[in-house]
There are 2 protein chains.
Amino acid sequence: MHWIIRLGKSEQRSYTSLNPKEIIVKQQLDYLDLLKSVSLFSDLKKAELLPVAQAAIEKCFHAGEFLIRQDEPAEYLFVVGSGNIKLTQLSSGGDQFLLCYVTSGEMFGSIAILQNAAYPVSAEALTYCQVLLLPGSVIRHLMSEIPQLAMGVIRHLAGRVQSLQRQLQELSAERVEQRVARALTRLASQVGLRTEQGILINVALSRQDLAEMTGTTLYTVSRILSGWEKRALIDAGRERVVIKKPHGIVAIAEDLPAPRSK
Amino acid sequence: MHWIIRLGKSEQRSYTSLNPKEIIVKQQLDYLDLLKSVSLFSDLKKAELLPVAQAAIEKCFHAGEFLIRQDEPAEYLFVVGSGNIKLTQLSSGGDQFLLCYVTSGEMFGSIAILQNAAYPVSAEALTYCQVLLLPGSVIRHLMSEIPQLAMGVIRHLAGRVQSLQRQLQELSAERVEQRVARALTRLASQVGLRTEQGILINVALSRQDLAEMTGTTLYTVSRILSGWEKRALIDAGRERVVIKKPHGIVAIAEDLPAPRSK
DNA sequence: CGAAACATTGAACCTATTCAACGCCCGTGG
DNA sequence: CCACGGGCGTTGAATAGGTTCAATGTTTCG
């Protein structure tokens with residue numbers, strides 16, 4: 001992966017300043033390489049990806065900007081080159097739900113462009129982001145020509161269905177503490193960063209965010225995190241969580257008896 | 001649709017005997033016609049469907065039998081010719097969740113055979129059922145040859161993702177009464193039967209079932225249904241629900257102020 | 001008729017929500 | 001530099017909404 005990296009003024013990131021709106025790391029994107037790093041396209045030959053790369057539009061977003069808004073007509077598939085994005089869904093009742101975080105090498109918007117419908121979610125940039133917009137028409141056309149790509153999409157969707165079914169199950173059967181623990185372990189595996197103190201969840205993560213992921217309130221999340229901090233399972237701060245004892249959190253997620261010791 | 005229908009001893013079905021285990025209506029299945037009635041295959045030419053029909057295995061199940069069990073290796077895609085089936089998922093914690101009902105002209109097992117993995121659900125026959133088993137290998141092979149079929153699968157999966165996301169949202173944001181109302185309206189549109197008294201949910205539907213669909217307990221469901229019956233919104237019986245005032249139930253589902261009148 | 005499966009209801013209990021008050025941190029502007 | 005305000009986080013107290021358990025009733029079927 002030979003991206004030419006042009007750094008902004010401040011390269012170093014300390015763990016305490018997690019939401020560095022001012023740090024803008026602009027990378028010269030190699031479209032083909034980026035596309036190939038997305039699992040959907042990884043099986044394709046470069047020649048096959050060429051029309052996609054040519055049709056791709058590069059775009060940048062600042063922290064806080066919305067890449068897409070729910071109910072807008074879907075035009076593009078988004079591939080993330082750098083930065084963190086969160087996908088949220090607003091219900092008719094006005095409650096927001098945080099579906100997932102998307103980071104570099106991942107994509108979103110696939111469902112909407114496949115149905116040629118409206119985006120079912122909003123996407124908000126949490127940091128400075130570079131993304132590629134792939135026109136839905138190009139993707140749809142390519143799928144009808146390259147069965148391999150269609151199979152990739154199917155695998156992607158099938159995986160999503162599975163994970164949603166699991167989440168549904170959890171939400172209906174488990175208590176809040178368990179669900180929060182699960183959300184944390186999921187986040188750890190997705191955007192976790194090993195440090196000496198433990199696993200740092202490497203996105204700005206407020207109590208409110210965790211509440212929206214687990215279907216509870218920010219108050220309850222706050223209480224739960226406080227409890228865990230007293231038990232030295234985690235180290236929580238402003239929009240920041242470090243998991244000090246992963247096995248302890250997993251134990252809570254799986255509803256096992258609390259593990260003895262360390 | 002020219003199926004030759006060979007009736008069992010008792011053709012008539014009264015609305016009070018809803019779970020007629022003894023009534024076995026055996027139909028001579030025309031595989032091609034049945035397959036074409038499934039939305040996935042409806043766009044295909046009969047010639048294209050021939051290999052599928054030839055590889056299909058017809059099988060019958062009695063009420064209470066399991067067509068598939070969770071975690072078994074997935075071999076077949078199931079197409080339902082007649083009868084009602086319910087899909088359930090068991091969590092590691094031992095809680096059961098009722099995902100959906102499947103009736104004639106619908107299919108299930110698609111996700112599992114696409115990933116060549118294990119079934120993520122169990123399927124239980126609620127009535128006598130006739131189904132076609134389509135080997136996963138045949139489907140997978142066909143998909144790589146007929147892009148149209150792959151697109152159909154994709155549409156099917158995309159729809160499923162959408163509906164699961166909506167359900168997740170509901171489960172996390174709405175109160176039990178709302179969720180039960182939603183489940184009922186969903187059931188009404190799927191397996192509802194217009195009668196003089198109202199819309200009959202045309203499957204055996206216990207309080208336990210409703211509880212497993214909405215993530216609550218059978219006690220709470222019982223209380224809610226009792227309440228609605230007192231308000232003359234529904235007519236509830238043993239494994240039987242008739243919606244007498246659909247608009248009233250919808251109002252509860254949508255959290256509107258209770259409608260005056262009627 | 002009796003057993004089994006399904007349904008109802010009351011009472012105690014508990015989890016999580018709600019509301020309100022307050023603390024803390026950070027950036028901004030006087 | 002300090003004061004102020006805004007956003008985020010914490011915590012207590014009251015409360016609501018569901019759960020749990022147990023007792024009892026009802027329907028169906030063999």
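Order of the sequence lines fixes the chain letters, A, B, ..., with proteins taken first and strands second; residue numbering starts at 1 for each chain.
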Inset, instruction - Check the distance between C:dA16's P and A:Leu225's CG and give it to me in whole angstrom. - result: 14 Å
Legend entry - Distance-only donor-acceptor check, side chains B:Glu239 and B:Ser206, under 3.5 Å: no
Legend entry - B:Phe78 and B:Phe61 aromatic ring geometry - parallel, tilted or perpendicular at 30°/60° bounds: tilted
Inset, instruction - State whether the side chain of A:Ser226 and the backbone N or O of A:Ser222 hold a donor-acceptor pair below 3.5 Å, judged by distance alone. - result: yes
Inset, instruction - Would you indicate which nucleotide in D:dT10, C:dA7, C:dA16 comes nearest to any side-chain atom of A:Val176? - result: C:dA16
Legend entry - Touch class at under 4.0 angstrom, heavy-atom based, for B:Ser226 against every strand present: sugar-phosphate
Inset, instruction - Can you figure out which of C:dC6, C:dT8, C:dA16 approaches the side chain of B:Arg207 most closely? - result: C:dT8
Inset, instruction - Send over the distance from A:Glu239 CD to C:dC24 P, rounded to a whole Å. - result: 19 Å
Inset, instruction - Kindly say if B:Thr216 contacts the phosphate of D:dG18, meaning a side-chain N or O under 4.0 Å from OP1 or OP2. - result: no
Legend entry - B:Thr214 side-chain N/O to B:Val180 backbone N/O, donor-acceptor pair under 3.5 Å: no
Legend entry - A:Glu229 side-chain N/O to A:Ala236 backbone N/O, donor-acceptor pair under 3.5 Å: yes
Inset, instruction - Return the value, rounded to whole Å, for the distance between atom CD of B:Gln208 and atom P of C:dT8. - result: 13 Å
Inset, instruction - Take atom CG of B:Leu218 and atom P of D:dT26, then tell me their distance rounded to the nearest Å. - result: 18 Å
Inset, instruction - Remember a base hit wins even if backbone is also touched, and classify B:Arg238 as base, sugar-phosphate or nothing at under 4.0 Å, heavy atoms. - result: base
Legend entry - Whole-Å distance separating the CG atom of A:Asp95 from the C1' atom of C:dA16: 15 Å
Legend entry - Backbone N/O of A:Ile224 and side chain of A:Glu177: donor-acceptor pair under 3.5 Å: no
Legend entry - Nucleotide D:dC8, atom P - distance to CG of A:Leu205 in whole Å: 12 Å
Legend entry - Check: B:Arg223 side chain, D:dG17 base, donor-acceptor under 3.5 Å: no
Inset, instruction - Take the protein atom CG of B:Leu171 and the nucleotide atom C1' of D:dG18, then report the distance between them rounded to whole Å. - result: 14 Å
Inset, instruction - Flag the pair A:Glu170 and A:Arg179 as a salt bridge only when some basic side-chain nitrogen lies within less than 4.0 angstrom of an acidic carboxylate oxygen. - result: no
Legend entry - Rounded distance in Å - CD (B:Glu229) to P (C:dA7): 12 Å
Inset, instruction - Please determine, for the side chain of B:Arg175, which listed nucleotide (D:dT19, C:dC6, D:dG17) has the closest atom? - result: D:dG17
Inset, instruction - To the nearest 10°, let me know how far the axis at one end of the helix from C:dC1-D:dG30 to C:dG30-D:dC1 is tilted from the axis at the other, five pairs an end. - result: 20°
Legend entry - OP1 or OP2 of C:dA7 under 4.0 Å from side-chain N/O of B:Ser222: no
Legend entry - Verdict with reasoning, B:Gln169 to B:Gln165, per side chain to side chain donor-acceptor pair (under 3.5 Å): CA-CA 6 Å; B:Gln169 172 94 255; B:Gln165 281 182 356; over 6 Å; no
Legend entry - Closest to the B:Tyr219 side chain, choosing from D:dA22, C:dA7, D:dC8: D:dA22
Inset, instruction - May I ask you to verify if any side-chain N or O of A:Thr220 is less than 4.0 angstrom from the OP1 or OP2 atom of C:dT17? - result: yes
